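Below is one structure, written out as structure tokens; the observations come after it.
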Amino acid sequence: MEEIEKTLTKEQALIEAERCLYCYDAPCEKACPAHVPIPEFIQSIRSGDLKGGREIIEEAHPLIESCGRICPEESFCQSACTRAQIDSPIKIRELHRYITDHTDPAENLDLLPADKGKIAIIGGGPAGLACARELRRMGYEPVVFEKKQLGGVPAQEISPTRFPREIEQKEVKFLHQYFITDVKDGKVKSLSEIKGDYKAIFIATGLINELDLDIPGTDLNGVHHAREILRKVKAGNNSGLGKRIGVIGGGNVAVEVASVLMLEDPKRDVEVIYRRGLKELKAFKKEIEEAIDVGVTFQFLAIPKEIKGENGKVSGIVVTRAHLGEPDESGRRHPEPIPNSDFFIPLSDVVIAIGQKASDFFPEVEKDRKGLIKVNDDMMTSVKGVFAGGDIVRGASTVVESVADGKKAAKAIVKFLEGGE
Amino acid sequence: MYKKKDLSIDFLGIHLDSPFVLSAAPPTDELEIAYNGLKAGWAGVILKTTSVDGNPVNLKYPMMSSFGPMHKKVVGLGNIDLISAYHIDEVERRVKALKEAFPNKMIAASIMGATKEQWQTLVWRLKKAGADLIECSFSCPQGSMGEEPGKMLAQSVEATEKVTRWVKEAAGDTPVLIKITPQVTDIVEVAKAVKRGGADGITASNTVPSLLGIDIKTFEPYPNVFGKGAYSGLSGPAIKPLTLRTISEIAKNVDIVISGNGGAFNWRDAVEFMAVGASNVQFCTLPMHYGFRTIRDLKDGLAHYLMDMGFNSPMDIVGKALPNIESQEELPSPITRAEINEDKCIGCGLCYAACSDGGHLAIEWDSNKRRPHVNEDKCVGCAMCMQVCPIDAIRMKEKIDGQLHYFVEER
Ligand SMILES: Cc1cc2nc3c(=O)[nH]c(=O)nc-3n(C[C@H](O)[C@H](O)[C@H](O)COP(=O)(O)OP(=O)(O)OC[C@H]3O[C@@H](n4cnc5c(N)ncnc54)[C@H](O)[C@@H]3O)c2cc1C
Ligand SMILES: Cc1cc2nc3c(=O)[nH]c(=O)nc-3n(C[C@H](O)[C@H](O)[C@H](O)COP(=O)(O)O)c2cc1C
Ligand code: SF4
Ligand code: SF4
Ligand code: SF4
């Protein structure tokens with residue numbers, strides 16, 4: 001599967017860079033959770049020093065390749081761009097991507113010796129990798145415990161049409177080679193399993209478990225979990241699904257899996273079945289547009305009631321038509337079922353994409369109602385010397401926010417170990 | 001996090017940690033601002049031109065104007081500023097303070113006098129204060145002081161040589177730069193006069209006399225001082241081509257160290273200045289526009305350029321382009337034709353308009369397809385079409401005895 005978005009041409013990049021005002025105290029930079037010095041890297045595009053641009057981004061943001069491609073810019077940097085007050089915001093992410101597409105990881109590194117002691121990092125996703133890199137920069141020896149594959153969700157799940165494998169590998173390999181002292185394979189379920197001379201622990205296991213749909217029929221053959229499918233496809237395998245697929249959910253994962261299944265077999269019929277409307281759909285604008293572009297259809301205001309089957313295999317789903325009521329605790333309008341409005345959608349497969357939940361691992365640390373790990377302002381959990389960040393703390397978030405957590409935690413860990421600021 | 005390439009150079013015996021210096025102008029006119037510039041990473045400062053105590057400096061405000069398209073107005077910056085309102089007593093103190101705070105940076109000062117005694121007093125006092133270098137402004141567009149006020153000293157070959165000699169006599173082993181104007185009939189004659197006068201180097205060059213604009217309803221000029229205006233000194237990107245010519249003419253004809261100045265806006269401009277003979281580069285409008293943070297791109301860009309080119313030191317660049325600059329009649333005579341890249345062409349038709357009405361009627365226009373076509377029999381290869389193409393879809397193909405060469409402008 002090929003990447004959908006094309007990189008900017010040199011002319012496009014130069015003209016777009018020229019539009020940037022080079023703001024002082026730049027709001028775009030502040031709105032970026034990783035605080036990438038945006039006006040500075042745009043200036044390097046203007047002046048033709050792309051290597052310099054790469055160093056500027058990389059220094060602030062270890063997952064430079066991911067964010068050039070999959071950062072939801074509309075929620076961060078671009079939402080604050082001053083230029084929007086004249087006409088439209090600068091295409092910051094695409095300029096960022098332009099730099100990464102024309103440069104290689106900067107290997108002219110100048111690092112302190114790694115001799116300040118080992119830190120255990122559980123989970124090698126964006127938060128874990130960012131924390132590891134910052135710790136290594138400050139002279140520590142990060143050891144990453146990873147049960148599956150370094151890189152976390154972007155490496156394991158995000159569609160290759162948005163984030164190709166070889167690009168993702170470039171980033172992770174570089175971090176592995178220069179910033180990680182050791183990688184230990186295997187699942188860690190409790191802090192007591194971390195044995196050895198570690199000065200601190202950072203938990204960044206993300207959210208792996210998927211929520212189950214609480215309706216009859218989920219045990220039928222042909223009912224799948226979205227992220228399992230994404231993992232399969234990302235690993236280069238065929239999903240093995242049939243011709244008429246209903247994806248249940250209203251978030252990025254639902255939209256993403258629908259697109260991937262459609263691209264896998266354009267003769268398929270893939271429909272996102274969502275109980276609220278388009279406005280309530282919690283997915284990045286660009287992803288929704290891409291999904292519509294590739295032919296995904298949307299069944300809005302449809303509450304799943306029962307998955308039907310024949311001979312143990314899915315045959316379709318019964319849904320109830322809804323209308324939108326008052327906003328609920330999520331701030332979005334609540335879908336109210338309309339009496340006697342059930343209808344049947346024939347399907348070969350049902351894909352559930354209604355959200356993820358935390359595991360019950362690490363019983364030692366305090367958690368909230370949803371099982372997310374609680375931390376203080378310094379990212380420290382209820383256990384002294386144990387820190388946490390990324391999705392396992394925030395709930396489903398983004399790569400750049402997880403990176404920001406990893407960076408912040410690294411600073412806090414060093415402060416905890418060395419004192420001072 | 002990255003190993004930084006050493007950009008240091010020796011400039012007239014002074015260590016510069018990069019070739020990038022703040023010129024005598026507003027960024028060096030307040031102690032605090034000059035301090036911030038050095039702290040931000042500039043290699044040195046030339047404090048704004050000072051004069052003897054009591055010399056009146058009557059500044060008029062507003063003093064700036066500019067021209068350029070809407071959101072990039074400062075293609076050219078015009079100013080009717082004068083030399084610093086701070087006199088030598090204050091500047092002496094600043095030299096000492098800055099030298100103390102930044103012993104490894106170049107702390108220089110610019111001066112302007114009216115008489116031999118004034119010039120020499122200024123030099124002696126700066127020397128005593130510990131200035132690393134003294135620059136003499138022979139080129140304020142509002143005119144020099146002394147014999148012919150209103151005229152620039154550097155516009156007279158005799159005056160240039162005479163005053164340079166006074167200054168160098170007083171300066172002894174402290175290096176002296178003479179800052180000249182490009183607004184002369186023969187820049188080489190002026191540079192020779194500077195050399196004969198004994199200066200260590202030339203700053204080429206100051207702002208260019210100009211008139212920034214006229215309000216066509218009120219007929220008041222820009223900058224508009226209560227309805228009136230004066231000629232401005234023009235700086236910024238607009239004058240870069242003039243500076244390139246000035247530097248290279250001097251470098252080709254006079255054996256003297258050159259400090260490049262006038263229109264450099266990024267590291268590539270600086271590399272160009274050095275390639276035609278400058279040993280370092282001074283900046284004013286760039287930091288005035290975007291702030292001292294601009295030093296980062298200058299240094300990083302130069303460092304990466306040196307590495308890519310396999311150069312050891314910025315000094316390796318100096319003069320590299322000079323052997324390629326010749327008089328028009330010495331140039332080869334290739335057969336030149338425009339070559340349009342059809343895949344890149346967006347069909348704006350500008351090349352057609354340019355060639356039809358300002359070239360040689362050599363471009364044919366397919367109105368249905370919206371595509372130009374070069375008629376090779378008619379095209380002489382003037383390159384006007386290439387200049388107007390908004391997407392760089394045109395290059396010039398040059399041929400001599402079957403050997404090919406292309407003209408493209410790198411961006
Ligand atoms: C399908 C999908 C699409 C997304 N699209 C985007 C997008 O376009 N843009 C965006 O910014 N964000 C996107 N996100 C969100 C983003 O991927 C996450 O916010 C981010 O990856 C969280 O980083 P993390 O490091 O906290 O956790 P993760 O990325 O989940 O990484 C956790 C790592 O820990 C490992 N691990 C887990 N448990 C253990 C254990 N017990 N022992 C050892 N190792 C363990 C995992 O294998 C994994 O490698 C998407 C998420 C999904 C699911
Ligand atoms: C407002 C202003 C004031 C200046 N004052 C002086 C001065 O006092 N002495 C001097 O030698 N040059 C002065 N200059 C000229 C600058 O030092 C510099 O030579 C010129 O601006 C060209 O460089 P640039 O294109 O990098 O700005 C002044 C320039 C400006 C814009
Ligand atoms: S806010 Fe927009 S215009 Fe300003 S520096 Fe950032 S990208 Fe450029
Ligand atoms: S730049 Fe500063 S000093 Fe100059 S007019 Fe504006 S506010 Fe006043
Ligand atoms: S100017 Fe350039 S883009 Fe426009 S028609 Fe000519 S070749 Fe095409």
Side-chain angles (χ1 to χ4, degrees), chain A residues 9-15 17-26 29 37-62 64 82-83 85-87 90 99 102-112 133-134 136-138 178-179, chain B residues 1-7 20 36 40-41 68-75 237 264-272 283 286-309 341 343-346 348 389-394 408-411:
Chain A
T9 63
K10 182 174 179 185
E11 290 79 11
Q12 287 171 330
L14 285 175
I15 292 167
E18 206 53 65
R19 286 178 66 231
C20 165
L21 304 172
Y22 204 164
C23 299
Y24 173 72
D25 193 21
E29 180 174 335
I38 292 163
E40 303 303 326
F41 88 68
I42 295 181
Q43 169 62 12
S44 344
I45 295 177
R46 265 199 293 260
S47 80
D49 177 27
L50 297 185
K51 277 189 189 156
R54 183 171 192 110
E55 289 177 5
I56 288 166
I57 304 173
E58 212 165 58
E59 197 156 5
H61 196 326
I64 170 168
T82 318
R83 177 85 206 203
Q85 293 174 61
I86 301 179
D87 42 25
I90 303 299
I99 287 183
H102 290 87
T103 50
D104 287 319
E107 301 201 11
N108 52 325
L109 293 170
D110 187 15
L111 296 177
L112 295 173
R133 191 194 72 164
E134 294 304 287
R136 175 63 192 83
R137 281 177 74 182
M138 292 185 274
Y178 291 102
F179 295 96
Chain B
M1 185 163 114
Y2 306 100
K3 281 189 207 89
K4 293 282 177 197
K5 177 140 186 77
D6 180 16
L7 297 176
F20 307 127
N36 290 340
M70 184 55 215
H71 83 293
K72 286 272 141 88
K73 295 188 293 188
V74 186
V75 170
F265 235 55
N266 57 43
W267 63 269
R268 287 159 66 121
D269 297 337
V271 168
E272 289 180 58
F283 290 81
L286 174 69
M288 278 181 77
H289 191 327
Y290 291 116
F292 291 134
R293 58 188 166 145
T294 44
I295 186 65
R296 176 173 190 162
D297 177 55
L298 295 178
K299 285 209 235 176
D300 286 0
L302 178 64
H304 291 129
Y305 168 79
L306 293 177
M307 290 193 285
D308 287 349
M309 296 293 289
N341 178 343
D343 295 335
K344 259 182 125 181
C345 170
I346 55 172
C348 67
C389 178
I391 198 79
D392 280 347
I394 306 180
V408 287
E409 282 166 20
E410 258 313 312
R411 271 170 240 288

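These numbers come from a predicted model, not from an experiment. Every chain is numbered from 1, with letters handed out A, B, ... down the list of sequences.
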Side-chain ion pair, Lys4(B) and Glu55(A), N-O less than 4.0 Å: yes
Minimum heavy-atom distance between Tyr2(B) and Ala106(A), given as atom pair plus value: CE2-CB, 3.5 Å
Shortest non-hydrogen separation from Ser44(A) to Asp297(B) and the atoms involved: CA-OD1, 3.8 Å
Heavy-atom proximity to chain A below 4.5 Å, by part of [X]:
X         : answer
Lys5(B)   : neither
Asp300(B) : both
Tyr290(B) : side chain

Choice from Thr9(A), Ile86(A), Ile15(A), Leu109(A) maximising heavy atom contacts with chain B below 4.5 Å: Leu109(A)
Residues forming a side chain to side chain contact (heavy atoms under 4.5 Å, CB included) with Lys10(A), sequence neighbours excluded: Leu14(A), Tyr98(A), Glu410(B)
Check each atom of [X] against the heavy atoms of chain B and say whether the ones under 4.5 Å are side chain, backbone, both or neither.
X         : result
Leu21(A)  : both
Leu50(A)  : neither
Arg136(A) : neither

Pairwise side-chain contact, Arg54(A) with His304(B), heavy-atom cut-off 4.5 Å (strictly under): no
Pairwise distance CE(Met1(B)) to CG(Leu111(A)) - rounded to 0.5 angstrom: 7.5 Å
Crowding at CD, Gln85(A) (>12 non-hydrogen neighbours, <6.0 Å): no
Other residues, nucleotides, ligands: >12 heavy atoms within 6.0 Å of Lys3(B) NZ: yes
Pairs involving residues 38-52 of chain A, ordered by first then second residue, that meet salt bridge (Lys or Arg N to Asp or Glu O under 4.0 Å) (sequence neighbours left out): Glu40(A)-Arg293(B), Lys51(A)-Asp308(B)
Top contributor to chain A interface from Met70(B), Arg296(B), His289(B) [non-hydrogen pairs under 4.5 Å]: Arg296(B)
